[in-house]
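Just so it is clear, the structure is predicted and the values come from calculations on it, not from any experiment. Computed from heavy atoms alone, side chains included, the values below leave out hydrogens, waters and symmetry copies. Start at 1 with the first residue, then count along the sequence.
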Amino acid sequence: MARVKRGTIANKRRKNLLKHAKGFKWARNTHYRAAKEALLHAWTKSYYDRKKKKGEFRSLWQIKIGAASREHGLPYSKFINGLKKANVDLDRKILSDLAENNPEIFAKIVEKVR
């Protein structure tokens, strides 16, 4: 059986890993060992931050809703409580979009909540 030389496969694997490390600072974008270590950390953080992003967006929506509802003289907590009592099934993403882009519709919702 013929001998298999693995140089091309190893080079392809290293080149692919260095391609992922493009844009990193210092030796981490050109040296294989440093790039491998940097990517281990980068991929771990990217996984963690994809989960964290969801909570950050929810916080942003709450801030937008709170600001818009305070303009109508109703604090955020009382506004959300009123929504639940009035059986208005709009989530925070939709409410924040309405508050930002359609203030007249948001004002009608606030009046219904009162």
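Of all heavy-atom pairs between A21 and A35, the closest is CB-CB, 3.8 Å. Of all the heavy atoms in P75 and S69, the pair that sits closest is C-OG, 3.9 Å. For the residue pair R14 and N11, the shortest heavy atom distance occurs at NH2-OD1, 2.8 Å. Taking all atoms of both residues into account, the shortest heavy-atom contact from V113 to G82 is CG1-CA, 3.5 Å.
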If you apply the rule side chain to side chain contact (heavy atoms under 4.5 Å, CB included), what do you find for R28 with K25, and how did you get there? CA-CA 6 Å; R28 294 181 303 171; K25 283 184 173 181; 4.1 Å; yes
Would L17 and K36 satisfy side chain to side chain contact (heavy atoms under 4.5 Å, CB included), going step by step from the backbone distance to the final call? CA-CA 7 Å; L17 194 131; K36 190 166 79 168; 4.0 Å; yes
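Summarising the local packing, NZ of K64 is surrounded by more than 12 heavy atoms from other residues, nucleotides or ligands at distances under 6.0 Å.
The closest side-chain heavy-atom distance from L39 to F24 is below 4.5 Å.
Using a 4.5 Å cut-off between side-chain heavy atoms of Ile, Leu, Val, Met, Phe, Trp and Tyr, with links allowed through other members, L90 and F106 fall into the same hydrophobic cluster. In the hydrophobic clustering of this structure, L95 groups with Y76; members are Ile, Leu, Val, Met, Phe, Trp, Tyr whose side-chain heavy atoms approach within less than 4.5 Å, directly or through other members. Cluster membership check: W61 does not share its hydrophobic cluster with F79, using side-chain heavy-atom separations under 4.5 Å among Ile, Leu, Val, Met, Phe, Trp and Tyr. Hydrophobic clustering, with ILVMFWY side chains joined whenever heavy atoms are under 4.5 angstrom apart, groups I109 together with I80.
We find the NZ-NZ distance between K108 and K112 to be 12.0 Å, quoted to the nearest 0.5 Å. Distance check: E37 CD to L40 CG gives 5.5 Å after rounding to the nearest 0.5 Å. Residue L74 holds its CG atom at 9.5 Å from CD of E111, rounded to the nearest 0.5 Å. Here R92 contributes atom CZ and S59 contributes atom OG; the two are 10.5 Å apart, rounded to the nearest 0.5 Å.
Checking R13 against N16 by side-chain atom types alone, no donor-acceptor pair falls below 3.5 Å.
For N102 (side chain) and I105 (main-chain N/O), no donor-acceptor pair under 3.5 Å exists by modelled atom type. In terms of modelled atom types and a separation under 3.5 Å, the side chain of S96 and the main chain of I65 share no donor-acceptor contact.
Relative to the ring axis of F57, K54 does not place its NZ or CZ within 45° and under 6.0 Å from the centre.
Shown are V88, D89, V110; of these, the side chain to side chain contact (heavy atoms under 4.5 Å, CB included) with L83 is made only by V88.
Ring-plane geometry between W43 and H20 is classed as perpendicular, the angle between the planes exceeding 60 degrees on a 0 to 90 degree scale with a lower cut at 30.
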